[in-house]
Amino acid sequence: MEWHVAFRELIRLTSIGIICFLERETIKHFTDNELQEYEYNFNELKNNNNYVKARGVLDNIDKFDAGFFGYNPSDANLTDPQHRIWLETTWHALENAGCDPYTYKGPIGVFAGGYINSYLLNNVLRDSKRLENFIRLRTAESFQVMTASDIAFLPTKTAYQFNLKGPALNIQTACSTSLVSIIEACKSLYSFEADICIAGGVCILTPQETGYIFQEGAIPSPDGHCRPFDAEAKGTVFSNGVGVVVLKRLDDAIDDKDNIIAVVDGWALNNDGNKKVSFTAPSVDGQKEAILAAHSFAGISAEQIGYIETHGTATKLGDPIEIAALTQAFSRSTDKKQFCGIGSVKSNIGHTDAAAGVASFIKACLIAKHKIIPPTLHYKSPNPFINFENSPFFVVDKLKKWESTNKLIIGVSSFGIGGTNAHLLLEEPPIISENKTALKSSSKTYILPFSAKSSFSLSKMKEDFKNLILNNNQIDIDNLAFTLWNGRTHMKYRSSVVLSDLIQQKLIFNDAVLNENLTSIAFMFPGQGAQYFQMGKSLYDENEDFKKIVDEGLELFKSETGQDLKQVLFNENISSTGENKLSETSFTQPALFIIEYALAKVLIDRGIVPSYFIGHSIGEYVAACLSEVFDFQSALRIVIKRGQLMQKMKGGKMFVAFTSFNKLQTISSNLFEIAAENAPENCTISFENEILMRLNCF
């Protein structure tokens with residue numbers, strides 16, 4: 001069994017993502033005007049020479065689509081922004097992964113952690129009475145505040161919102177929280193507790209527009225910049241961020257044709273214990289053992305690893321200890337020097353605490369996917385306490401392409417205050433050949449569905465789609481259509497576009513609003529007379545599921561009769577003969593049965609499940625077969641025999657007589673038979689000879 005895990009797409013983490021591949025920093029340096037409103041005692045702080053006016057800021061944390069998640073304004077107001085942003089980010093992650101959690105058949109797990117709820121302290125509990133009630137849990141509102149605020153409810157709230165049935169676990173190991181969450185998710189996939197896992201972390205300190213006081217020897221930087229491994233490194237800068245990844249077993253991801261970004265090879269977790277300077281200090285031994293354990297689990301030697309995305313806080317104690325631990329671990333299997341690059345995303349975005357590990361993981365996955373290693377910013381000369389020359393490592397200080405023919409394998413480290421060490425190994429995604437269909441050359445017709453929970457969101461979605469089409473010369477149409485049909489939740493406000501119009505740049509959308517009072521769907525199947533030459537041919541050519549069912553029916557017809565119904569139905573070279581043959585009952589009835597049955601099965605497989613079936617004549621047989629009165633093969637054999645028997649009857653015609661059954665019985669004639677009583681004054685009579693239809697019998 002393959003136990004590797006496929007990673008699927010990041011959503012947002014300050015400005016991480018593509019920004020990781022650019023030489024820029026996302027730390028915000030505040031003006032006095034920005035700090036005046038939010039910073040407590042700012043007038044005193046601004047004159048403090050050690051006051052640093054910088055922090056990593058996450059945009060729009062005050063914006064929340066409450067209606068999308070079913071929150072009323074009061075609930076949304078109480079809810080920690082960490083919960084809000086996490087839910088929105090998780091939803092986007094699932095959509096990017098092509099996973100509809102409401103229809104996915106396997107268990108989906110969620111592993112997540114966050115930071116202390118500063119919003120609760122600064123906004124919700126400012127009133128002393130409300131604070132006292134909350135501490136004592138005296139009121140119903142106090143319990144509501146607790147479930148809206150406590151970071152412990154983050155995973156279970158996610159599971160509730162998205163109907164996830166796998167394990168939902170809160171993880172808290174300080175700075176290593178989100179990488180530990182990813183490792184625990186990998187374990188859940190490895191043990192088959194879940195088939196898909198959501199993992200990550202969130203850290204949002206409110207208000208965001210606040211600085212901090214630098215103290216020599218402490219963790220924060222003196223100038224609001226993080227300089228990992230540099231001689232000027234004196235600390236980190238704290239930031240807000242959220243990161244979510246969606247993970248899946250590699251075999252399943254390949255089978256499902258998922259967009260695999262990277263593959264996890266192995267992992268390890270441990271703790272320092274107390275053999276170190278203090279509770280908050282890192283440990284060479286603890287980190288080294290975690291790294292070695294991950295190598296052993298993955299079956300990977302140190303020389304195979306091309307890059308390490310480090311914890312890299314740029315603290316005076318942390319960086320030298322981290323490189324010492326890595327060096328000792330690598331030296332167990334190699335004496336080679338300076339072959340492995342290192343870097344830290346904290347130089348770009350700062351230290352996002354509970355979201356730091358997932359930030360590093362996302363960066364590493366993107367490196368593995370694109371084989372481009374971005375530079376670690378602010379690196380000019382090595383930290384004098386780190387002997388890089390006699391280590392396996394060098395700092396990547398400029399954009400570096402991975403040009404080796406060897407597979408790119410990356411290590412990711414995250415170490416939490418208190419000693420929980422996490423190390424993970426991942427590699428570039430497997431090469432999977434695909435037959436892509438170019439937009440401009442497609443001869444197929446596709447219906448692409450879109451849906452949203454509001455008309456505004458639907459309009460925005462359609463506009464985004466227009467931009468996608470206009471700005472891309474090549475689009476994998478099959479993947480696009482499959483994801484829109486199967487990888488999206490279908491909501492109330494809906495629209496669709498026919499892909500053949502896109503070839504001419506004509507985007508004609510058909511909008512509709514789902515009738516939520518609709519309680520059931522019925523399938524109606526017509527009888528003989530509805531047939532036509534080449535019916536179902538375009539669907540037969542384009543839809544493999546439809547084709548498979550039709551071919552099964554055509555093969556059975558051939559084995560029962562020795563005749564080729566496919567030639568009668570679809571052969572363009574014998575169109576006139578085909579049309580004449582199709583009018584013969586022995587061909588008509590089996591053809592109708594096969595096409596109607598196949599179409600119904602395809603619709604059911606697409607999630608359009610009827611509550612009722614109704615049919616006329618041959619359509620009744622289709623309805624009965626779908627209702628499991630008899631199986632497909634038995635029903636088709638009956639229909640074939642029925643058509644053959646009817647074909648042997650003498651030729652005749654039918655005529656509608658707008659009179660009663662009793663009046664027809666009074667007519668003394670053997671020239672016609674009463675074929676059907678349709679209504680009190682509506683009957684069908686049948687004639688053996690067409691000429692007799694011209695007689696005025698009554």
Side-chain angles (χ1 to χ4, degrees), residues 522-541 543 545-572 574-604 610 612-656 673-678 683-690:
F523 281 2
M524 303 176 70
F525 302 101
Q528 190 165 337
Q531 76 278 358
Y532 58 91
F533 182 54
Q534 292 192 343
M535 60 179 176
K537 187 174 188 305
S538 60
L539 193 59
Y540 179 86
D541 291 338
N543 188 288
D545 295 332
F546 182 81
K547 182 178 185 298
K548 183 178 179 181
I549 297 170
V550 171
D551 283 345
E552 182 184 353
L554 295 175
E555 188 62 33
L556 180 60
F557 181 88
K558 192 170 187 178
S559 67
E560 292 288 317
T561 66
Q563 300 187 76
D564 191 349
L565 181 57
K566 184 176 180 179
Q567 290 287 328
V568 175
L569 258 180
F570 296 149
N571 195 330
E572 296 178 358
I574 54 169
S575 58
S576 59
T577 307
E579 289 183 75
N580 292 334
K581 282 280 188 182
L582 198 59
S583 64
E584 296 178 14
T585 306
S586 59
F587 291 108
T588 305
Q589 295 189 4
L592 280 170
F593 177 87
I594 292 168
I595 297 297
E596 290 179 17
Y597 177 85
L599 179 59
K601 290 293 288 184
V602 168
L603 291 174
I604 292 169
Y612 308 98
F613 299 113
I614 186 171
H616 166 69
S617 184
I618 283 300
E620 288 184 280
Y621 287 85
V622 181
C625 184
L626 289 166
S627 301
E628 299 181 352
V629 172
F630 32 47
D631 59 56
F632 176 66
Q633 292 81 5
S634 300
L636 181 54
R637 287 190 177 95
I638 293 171
V639 169
I640 291 169
K641 181 58 67 176
R642 182 180 189 267
Q644 290 172 336
L645 292 172
M646 292 181 69
Q647 186 66 39
K648 292 178 180 179
M649 299 293 292
K650 293 181 180 179
K653 295 289 182 181
M654 293 189 293
F655 183 75
V656 176
E673 292 184 2
I674 304 172
E677 184 181 11
N678 304 315
C683 294
T684 300
I685 56 178
S686 58
F687 294 85
E688 198 173 283
N689 190 315
E690 184 178 355

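Sequence positions, counted from 1, serve as the residue numbers for this chain. Since we're looking at a predicted model, the values are computed, not measured. Note that these values count all heavy atoms, side chains included, but never hydrogens, waters or copies made by symmetry.
For I614, the side chain to side chain contact (heavy atoms under 4.5 Å, CB included) partners two or more places apart in sequence, or in a different chain, are M524. Residues satisfying the side-chain hydrogen bond (donor to acceptor under 3.5 Å, both in side chains) test with Q633, not counting sequence neighbours, are E552. P610 pairs by the side chain to side chain contact (heavy atoms under 4.5 Å, CB included) definition with I521, F523, I604, F613, not counting sequence neighbours. Residues forming a ring-ring contact (aromatic ring centres under 6.0 Å, His included) with F593 (at least two apart in sequence, or on another chain): F632. For T684, the side-chain hydrogen bond (donor to acceptor under 3.5 Å, both in side chains) partners are N678, not counting sequence neighbours. Residues forming a salt bridge (charged side-chain N to carboxylate O under 4.0 Å, His left out) with D564 (at least two apart in sequence, or on another chain): none. Remark: Y532 pairs with M535 by the side chain to side chain contact (heavy atoms under 4.5 Å, CB included) rule, at least two apart or across chains. Shown here are the side-chain hydrogen bond (donor to acceptor under 3.5 Å, both in side chains) partners of K558, two or more places apart in sequence or in another chain: there are none. Under the side chain to side chain contact (heavy atoms under 4.5 Å, CB included) criterion, E555 pairs with no residue at all, not counting sequence neighbours. Under the ring-ring contact (aromatic ring centres under 6.0 Å, His included) criterion, Y540 pairs with F570, not counting sequence neighbours.
Between G527 and L592, the shortest heavy-atom contact is O-CD1, 3.6 Å. The nearest pair of heavy atoms linking V550 to A598 is CG2-CB, 3.7 Å. Closest heavy-atom contact between I674 and I685: CA-CG2, 4.3 Å. For the pair F546 and L599, the tightest heavy-atom approach, listed with the atom from each and the gap, is CE1-N, 3.6 Å. When all heavy atoms of L582 and V568 are compared, the closest pair comes out as N-CG1, 3.8 Å. Nearest heavy atoms, G553 versus L636: O-CD2, 3.5 Å.
Note on residues 634-646: pairs passing salt bridge (charged side-chain N to carboxylate O under 4.0 Å, His left out), not counting sequence neighbours, are E560-R637. Residue pairs satisfying the salt bridge (charged side-chain N to carboxylate O under 4.0 Å, His left out) criterion with at least one member in residues 620-636, sequence neighbours excluded, are absent.
Under a 3.5 Å cut-off, the side chain of Q647 and the backbone N or O of T585 do form a donor-acceptor pair. The backbone N or O of G529 sits less than 3.5 Å from a side-chain atom of Q531, completing a donor-acceptor pair. A donor-acceptor pair under 3.5 Å is absent between the side-chain atoms of S617 and the main chain of G619, judged by distance alone. With T561 contributing its side chain and F557 its backbone, the two residues share a donor-acceptor pair below 3.5 Å.
With a 6.0 Å radius and a threshold of 12 heavy atoms from other residues, nucleotides or ligands, Y612 has its OH atom at or below the threshold.
The shortest side-chain heavy-atom distance between L539 and V602 does not fall under the 4.5 Å cut-off. A heavy-atom distance below 4.5 Å is not found between the side chains of Q563 and S586. Looking only at side-chain heavy atoms (C-beta outward), F630 and Y621 come within less than 4.5 Å of each other.
Taking CG from L554 and NZ from K547, the interatomic distance works out to 9.5 Å, rounded to the nearest 0.5 Å. Taking CG from N543 and CD1 from I549, the interatomic distance works out to 8.5 Å, rounded to the nearest 0.5 Å. Rounding to the nearest 0.5 Å gives a distance of 8.5 Å between NZ of K601 and SG of C625. With values rounded to the nearest 0.5 angstrom, L569 atom CG is found 9.0 Å from Q534 atom CD. Interatomic distance, CD of Q589 versus CD of Q644, reported as 10.5 Å (0.5 Å rounding).
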